[in-house]
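I have placed the structure first, in the form of structure tokens, so that the comments after it can refer back to it.
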Amino acid sequence: MTLLKDLNERQREAVLATEGPLLVLAGAGTGKTRVITYRVAHLLEKGIPGNSILAVTFTNKAADVMKQRITDLLRSSGRDASDVWVSTFHSFCARLLRREAKNLGLPRDFAIYDDDNQKTAIKRAIEQLDFSAEDYPPRSVRAQISHAKNNGITPDIMEAEAQQARDKDREDIATIFRMYDAMLRKANALDFDDLLLRAGELLREHPKVREAWNSRFQYLMVDEFQDTNRAQEEIVRLLAGSRKNICVVGDEDQSIYGWRGARAGNLKRFTEDFPDAKIIRLEENYRSTQTILDAAAAVVKNNTDRLGKTLQATLGAGAKLRFFEAPDAPAEAEFICGEIATLVRNDRDARVSVLYRTGAQSRSFEEVLRRLGIRYRVVGGFSFYERAEVRNALAYVRLLFHPEDDVALLRVLNVPPRGIGAVTISMLEARAKETNQSLWGVIRSGEFLTGKKFSGALNYFRQLMEDLQAECAEMAPAQLIERVLEQTGYLDWVEQQDNLEHSSRAENLRELANAMAEATAQGQTLEDVLDRAALIADSDEYDETIPVSLMTLHSAKGLEFDCVFLAGLEEGVLPHGRSLSKPADIEEERRLFYVGMTRAKQSLFFSRAIYRRSYGEDRLRASLPSRFLAEIPGDLIESASGSLSDPGETRRYEPDPDYAENHSYRPQRRRAPYGSTSKPLRGTKDPLIGTRVRHSKYGVGTIIEVEGEGEDRKLTVSFRDYGAKKLVERYANLQLA
Ligand code: ATP
Ligand code: MG
């Protein structure tokens, strides 16, 4: 049993407790994933056949890694892991349904509709019903259908509810839903939600089938159980059968997919579904230094309704965390990438990651890393300039100056949807060929379009482009892109869909405007920006050996890096602006922050930009530091400003109260230098959130919350070195800083 030597006592216990239900409840980096990996290897060593073991992971990539690891562990014992089912819930359900298709009246070779296919199907349904895609953007219809399906709402139920509520739009959505459903059935296709739901239905309603699978899978394991949704929970229950050899591992502090249907309390519910479940807590953390763990624990303890746990590092105290305040976003990227350059130069094997809240934030890091010649990859998403919405916006810009570019024109002719469909486009193409003109040439001439039913839309497009061309000729790039995004209705349209789908494509568009503004500030022309975008989009191959990874916090789940940079720690960024009004959403953001922190093995950096460019304003806006920073005990964290290798460079990174002024931006409010003659806060009428104050003991801080009224009101102030403190204004004797 050489395997068991690699485990601590509790882990060993979890690996050996193969019979009956087991819940491993433990914090980050304690070896939960390792327990599952070793359990599978252990079962195989014991002679359990591989095809009676199912291990479920959160991503396909994690499944591949786990399978490889199991194979490595068994190398010496001569056992084979190839028959074990290691997969995500979705792949598992697809496999299950293919084998059992006949029981559901499905053909074995049913199609699986991915996001794109699904959208196309919804679009067709909308067209066939003579609704307009403008009134019902397919992406948001898709989100509503998905939500309904996952909550057991059929088209009929949706319709009845909509009628009762006199909600005409919702009634139409129900009609589209019904048509979409019929289409999928006709095409013998299942979408991603169907995979889970139909598998659940199969196991629930076909006892014979269920029993067959129960006897086949003798051992079940699920990683990241805290992020399972209702359908997945049901599949687990049904698969466990009466034998109940089911082991789930999870950490409620890492539940970050509530917005996608993961249900709070799933770990607790497991103990209700399986009352005789053994619970094992792992408390030794093998990943991170004690300093990182203490800081992470101090943050997450601010969440309510936790089961709670302790984490003990096996690695020792380690260095303090470092916090860097950059004057603006480009300086933040310069600093982080400079640190990365040093790190990867000194240690070829080091694995480094920059984590951020939304995909759009990758842009500034990508640019600096490229300039420094450091290889990187953007994980779990396209790199910034490859994203469809960014390309669409740039296609508009190109079109203003080169209207004869047919490819750019085709990209945006019907974006946002304006009723220019395939028929119109093929007529345009034919006409262009006949008369040897560009598509724009045909549209502008307008001649053959008169009287046709689609001429309205094309005329509208022509007018739009001509107006923009006239307006934009002399504009600076940033204003130009903003004008284009607004006039074409593209930004509005993307925003609407974002709201419904919890996506953040509009942020990418705003970030593009920021990129333009920065480029102008650096003396670049619009052409320079367009060239750079084209070159970036052209390169970049996926390569696992690359030491630097950029990704969103959501994509970082389960991973670990020697050094982690958590960027953009500002209110409105992390926590995200969309979550500020709801305490439950703030808690999910806090867990996201916790997930990010606990990815780090050795060093953890935080950064924020004091001024961040904000869309549609010709200036930088002062930001507030993320409230989560204030939750980290002051003695665990130090300022990173002095850490640059070349002291001559330091000045560039220091927060400079005159920065905004010198850069001819108009900041919201100028900050008085520390130690200037101060004024008491008491008596000022409305201490606004964001006001900087000085306390005799805690030093300078920023007001982040005001409760109550008058002098009895309580102020929560985030102090740099002491974290957030709640103070009664009457007694605190705060001075304006
Ligand atoms: P997360 O919550 O982030 O998913 P986890 O609990 O799944 O973390 P693992 O990824 O399994 O933790 O383990 C974290 C790290 O600690 C890995 O590098 C793993 O190899 C190592 N590790 C875990 N247990 C031990 C052990 N007993 N001895 C040595 N290393 C260990
Ligand atoms: Mg894990």
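Basis for what follows: all heavy atoms, side chains included, without hydrogens, waters or symmetry-related copies. For ligands, and for the atoms within them, numbers begin at 1 and follow the listed sequence. Positions are given from 1 along the sequence.
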Sort and list the pairs that fulfil salt bridge (charged side-chain N to carboxylate O under 4.0 Å, His left out) and have at least one residue in residues 79-93, not counting sequence neighbours.
none
Is there a nitrogen or oxygen of G31 sitting under 3.5 Å from a nitrogen or oxygen of ligand 1?
yes
Under 3.5 Å side-chain donor-acceptor pair for R599 and S353:
no
Salt bridge or not between D227 and K557? Use side-chain N to carboxylate O under 4.0 Å.
yes
Measuring from the heavy atoms of K557, does anything fall under 4.0 Å of ligand 1?
no
Atom 27 (N) of ligand 1 - nearest protein heavy atom and its distance
Q11 OE1, 2.8 Å
Q232 side chain vs N229 backbone, donor-acceptor pair below 3.5 Å:
yes
How would you list, by chain and number, every residue that makes a side-chain hydrogen bond (donor to acceptor under 3.5 Å, both in side chains) with D6, sequence neighbours excluded?
Y38
For ligand 1, which atoms sit closer than 4.0 Å to a heavy atom of R599?
3 (O)
Hey, is D251 one of the residues with a heavy atom under 4.0 angstrom from ligand 1?
no
As an exercise, identify every atom of ligand 1 less than 4.0 angstrom from a heavy atom of G27.
6 (O)
For ligand 1, is any non-hydrogen atom under 4.0 Å from T30's backbone (N, CA, C, O), its side chain (CB onward), both, or neither?
both
Any salt bridge between D223 and K32, counting N to O under 4.0 Å?
no
Could you walk me through whether R237 and D273 pass the salt bridge (charged side-chain N to carboxylate O under 4.0 Å, His left out) check?
CA-CA 8 Å; R237 261 195 319 272; D273 288 343; 3.1 Å; yes
So for N8, does at least one of its heavy atoms come nearer than 4.0 angstrom to any atom of ligand 1?
yes
Heavy atom of the protein closest to atom 10 (O) of ligand 1 (residue, atom name, distance)
R287 NH2, 3.1 Å
Please list the nearest protein heavy atom to atom 2 (O) of ligand 1 with its residue and the distance rounded to 0.1 Å.
K32 NZ, 2.6 Å
With R95, which residues qualify under side-chain hydrogen bond (donor to acceptor under 3.5 Å, both in side chains), at least two apart?
none
Does the distance from a Lys or Arg side-chain N to an Asp or Glu carboxylate O, for R578 and D585, drop under 4.0 Å?
no
Evaluate the ring planes of F335 and F324, with Trp represented by its six-membered ring, and classify them as parallel (under 30°), tilted (30 to 60°) or perpendicular (over 60°).
parallel
Non-hydrogen atoms of G29 versus ligand 1: any pair closer than 4.0 Å?
yes
Distance filter under 2.8 Å, centred on the Mg ion (ligand 2) - protein N, O or S atoms that pass it:
T33 OG1
Parallel, tilted or perpendicular, as decided by the 30° and 60° cut-offs, for the rings of Y356 and F365:
parallel
Among R591, K309, K268, find the one that has a salt bridge (charged side-chain N to carboxylate O under 4.0 Å, His left out) with E252.
K309
Atom 20 (O) of ligand 1 - nearest protein heavy atom and its distance
R34 NH1, 2.9 Å
closest protein heavy atom to atom 16 (O) of ligand 1 is Y286 CB, 3.1 Å
Provide, to 0.1 Å, the distance between atom 14 (C) of ligand 1 and the closest protein heavy atom, together with that atom's residue and name.
E560 OE1, 3.5 Å
How about Q290: does its CD atom have over 12 heavy atoms from other parts shown lying under 6.0 Å from it?
yes
